[in-house]
Amino acid sequence: QQQVKQSPQSLIVQKGGISIINCAYENTAFDYFPWYQQFPGKGPALLIAIRPDVSEKKEGRFTISFNKSAKQFSLHIMDSQPGDSATYFCAASKTQGGSEKLVFGKGTKLTVNP
Amino acid sequence: DGGITQSPKYLFRKEGQNVTLSCEQNLNHDAMYWYRQDPGQGLRLIYYSQIVNDFQKGDIAEGYSVSREKKESFPLTVTSAQKNPTAFYLCASTLRVENTEAFFGQGTRLTVV
């Protein structure tokens, strides 16, 4: 059972455009939703994260939008740059009331053309 | 600098051989994880450990084994029972299992020749 579904699998955007990656989750006990960025040949690194008590979090050009009722969250990359070309993973976990490890989506390969 | 060190970066194995991938962390994290990454498959959990001398199977544990004799170290052995071992392997750690940020190593690319 895939607990976090991520789409699209790949995305091509022109420089300066907006990149949007979506994730949907099933477990309503999840209370932590991070996004990881991975460059080729490297390990993923935390990019930005949100908790369900807010609907949006912005850090620079990166924004997470969160819809608790729909059980969906998305990553928006504004003014996309070629340096943003990477694979992005959404994830979810339950951090309160017991041990729950991170569950990852299958990833989105983003290509930003110059 | 604190972090996770995986070695080697590239590893070649002959069919039928066991091979061990190293993962060391100096973050004083309790929990450590091994993931396998294949194109289009995302990160699949192999094993994880919440504390020294304890570990749990993940989603794809068959053909793999681990040990956690020290807090800093969580080596992964890919055994000959693993039918398709060629992949990119990632080690990660969190302060505790239920904690937030996961720190990843740089990965080991294993190729069976």
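Each chain gets a letter, A, B and so on, in the order its sequence line appears, and its residues count up from 1.
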*Does B:V66 belong to the same Ile/Leu/Val/Met/Phe/Trp/Tyr cluster as B:L45, with side-chain heavy atoms less than 4.5 Å apart forming each link?*
no

*When hydrophobic residues are tied together by side-chain contacts of less than 4.5 Å, even through go-betweens, does A:I50 share a cluster with A:I77?*
yes

*If you round to the nearest 0.5 Å, how far is OH of A:Y36 from CD of B:E101?*
5.5 Å

*Taking atom CG of B:L90 and atom NZ of A:K42, what is their separation to the nearest 0.5 Å?*
12.0 Å

*Take atom NZ of B:K71 as the centre, draw a 6.0 Å sphere, and report whether it contains more than 12 heavy atoms from other residues, nucleotides or ligands.*
yes

*Are A:L11 and A:V112 co-members of a hydrophobic cluster defined by side-chain heavy atoms under 4.5 Å apart?*
yes

*What part of B:I4 is in contact with chain A, defined as an atom under 4.5 angstrom from a non-hydrogen atom: side chain, backbone, both or neither?*
neither

_Rounded distance (nearest 0.5 Å) linking atom OG1 of B:T94 with atom CG of A:L102_ = 7.5 Å

*Side chain, backbone, both or neither: which part of A:P44 has a non-hydrogen atom closer than 4.5 Å to chain B?*
both

_According to a hydrophobic-cluster definition based on side-chain heavy atoms being under 4.5 Å apart (Ile, Leu, Val, Met, Phe, Trp, Tyr only), do A:Y25 and A:I48 belong together?_
yes

*Is B:Q37 close to A:F104 at the side-chain level, that is, under 4.5 Å between some pair of heavy atoms?*
no

_Cluster link B:F55 to B:I60, ILVMFWY, side chain under 4.5 Å_ = yes

*Where does B:F103 contact chain A at under 4.5 Å (heavy atoms): side chain, backbone, both or neither?*
neither

